[in-house]
Amino acid sequence: MSIEQKIESLRKELTEHNYKYYVLDQPSISDYEFDMKLKELQQLEAQHPEFYDPASPTIRVGGMVTKNFETVVHEHRMYSLDNSYSKEDLEDWEKRIQRILGDAEVEFTCELKYDGASISLTYEDGKLVRAVTRGDGFQGDDVTTNIKTIRSVPLQLKGDYPPKFDIRGEIILTLEGFAKMNHERIEAGEDPYMNPRNTASGSLKLQDSALVAQRPLECLLYSIAGSNLGISSQFEILEKARSWGFKVPTVAKLCKSTAEVMQFVEHWDTNRHHLPYETDGVVVKVNSIQQQEELGYTAKSPRWAMAYKFQAEQASTVLNEITYQVGRTGAITPVANLQPVLLAGTTVKRASLHNADQIAKLDVREGDTVFVEKGGEIIPKIIAVDFTKRPANSKPTEYITHCPECATELIRKEGEAQHFCPNDTGCPTQITGRIQHFISRKAMDIEGMGSETVELLFKQGLIANYADLYTLTKEQVVPLERMADKSAENLVNGVAASKSIPFERVLFALGIRYVGETVAKKLAKAYKNIDALMAASQEELVAVDEIGERIAESVVNFFSEPTNLEIIDRLKSYGLQFSLSEEQLENQTDKLKGQIFVVSGVFETVSRDELKKLIEDNGGKVASSISSKTSFVVAGDNMGPSKRTKAESLGVPIISEQEFLQKLQA
Ligand code: AMP
Ligand code: ZN
């Protein structure tokens, strides 16, 4: 046997043992034998670097260091899931689905919801080429080097896998692995980690992959994205992925009805504590991929999937003090500062109290013993007071009347739950909050600058609003605390680079109340430049699709403030983008204005998403179900029969892909 053959055969053998041990949980040789073979391979590879292979099992040991994790845009967006908490929620969801799918039969795949860090793995020709964290769903961090150390992630696939696809899963720590890690930490005199989920997710961002390799991480897979995969159901995805060598838990079940789904939920609600890993619920997915495509997505999540969350854990503790936070819009949020308490694996010190009404409703007071619960939110909430433990000298909570930051008297508008500090130009927290929003990732995304830098610059009197950022010089910034020559330069460069951020994001960055990302996009598209938008009256704004009274009023108010106008003038003079780019304008028309489309089936020349974008870019609207308001149904192959019947009965014209594209040519 040649050296090359020897290396190849060891790699094959070790890969197979890895698979048996970490994916199947059925090792066939001892750890000692495995280690010996691995050592032998390591030595041979070291002596013969010409046979290097990025898929060699020796990669698992790690050792590569990543200084900066590169940002990668997901080819297929990573969505969140909608949550439900009861049988009724689930039945409502089923009704919504049936409304869209007509009376077609729907089956569901139930899986456990693994509680870890989501990951997207890209495979090309059977080899793992990239692993990216979920990030904000649109883009994440490239953590390939670290992921390659996880033994249950195949570096080379088996069987008849597609040439290119993304597979999604969750990186988790088993409870046993987590306990072992903590045991070792305590032995070494270090603080134990708080919970498996945060530890798993923190592991992905360690710079030294050798440290990642030492952690007993696992990767459980649950979905595939790609084109022409030749797969027709979610259940098949799970089976196929398993056959290619991925670790896919076998608890998944195909259910014919929501009643069966509920049985699955109830079973795992009681039995979850026997699982080797943590789960916080069940994910229910419409099984047929064709039906999934019919159902599509909302802005955040697929309509064809639903997370059923198990009851959150509760804890009781003492509320020490109620404090008040001031947001960038001046909104006041009361916060409960608690006696630290362990809840679902994390220590909780603070909880949100939302507003004055909530405090009154709960009759919650300082010194009370309260019940806290952790739902999906980051900050837990108080659900009730334990009145039996109320101290004798307890006094009702008096909501503050003046701003804790600037002492201005608070106001509360008719019909609004929140109190506001009206001093928007003088309240320091509002000023820094607005600048912090302006520089944030989804807005101007100014690199080299964080929230603390903003506070520092403000305190030093270097900036009083976001326009001032553009006049900062390196010389002004260098003397600041914790600033070095290089970081000052990065900051100034980052500010300059933001001048090319597109109009809709600049509009979002301005921080107009109620103008979030989506609304900013809508307004940018409708008015094309800031001058047109500033000239718009409240009535005109309301006429824009999906812009309501509340938003319209807020926009008009913003542009009637002389200080805002002055700031915008300055930003214009610095060269920020205040109109859509040529390219954006070219691809947009009003040809479909006022028309509502429903898209159904599979298309030849464009994908379903491209088709929807074409409709929106040309002024049309996409709806998910057919009603009397629908102007046209664009039908591709395999249009659902129930949709056809519904369109026909309502007299809605059904047009083909070609006919649709001709409309745009006209
Ligand atoms: P959330 O972050 O609460 O919106 O839940 C969505 C996340 O659940 C996804 O990003 C996945 O990382 C995670 N997840 C865990 N298990 C599953 C599963 N079986 N199917 C789909 N998503 C899952
Ligand atoms: Zn104030």
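Order of appearance sets the numbers: ligands from 1, and atoms from 1 within every ligand.
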Just checking, is any N or O donor in the side chain of Asp82 or Ser301 under 3.5 Å from an acceptor N or O on the other one? yes
Partner set under ring pair (Phe, Tyr, Trp, His ring centres under 6.0 Å) for His354, not counting sequence neighbours: none
Could you walk me through whether Arg197 and Glu278 pass salt bridge (charged side-chain N to carboxylate O under 4.0 Å, His left out), step by step? CA-CA 8 Å; Arg197 177 179 11 116; Glu278 285 196 317; over 6 Å; no
Report all protein residues having a heavy-atom distance below 4.0 Å to some atom of ligand 1; order the list by chain, then number. Tyr79, Ser80, Leu81, Glu111, Leu112, Lys113, Tyr114, Ser118, Arg134, Glu170, Tyr222, Val283, Lys285
What angle, to the nearest 10°, do the atoms SG (Cys403) and SG (Cys427) form about the Zn ion (ligand 2)? 110°
Output side-chain donor-acceptor pairs under 3.5 Å for residues 325-337, partner residues at least two apart or in another chain, one line each.
unit_1: Asn337; atom_1: ND2; unit_2: Glu321; atom_2: O; d: 3.2
unit_1: Asn337; atom_1: ND2; unit_2: Thr323; atom_2: OG1; d: 2.9

Please list all pairs meeting ring pair (Phe, Tyr, Trp, His ring centres under 6.0 Å) that have one or both residues in residues 218-244, counting only residues at least two apart or in different chains. Phe165-Trp244
So Ile147 and Leu204, do their side chains get closer than 4.5 Å, heavy atoms only? yes
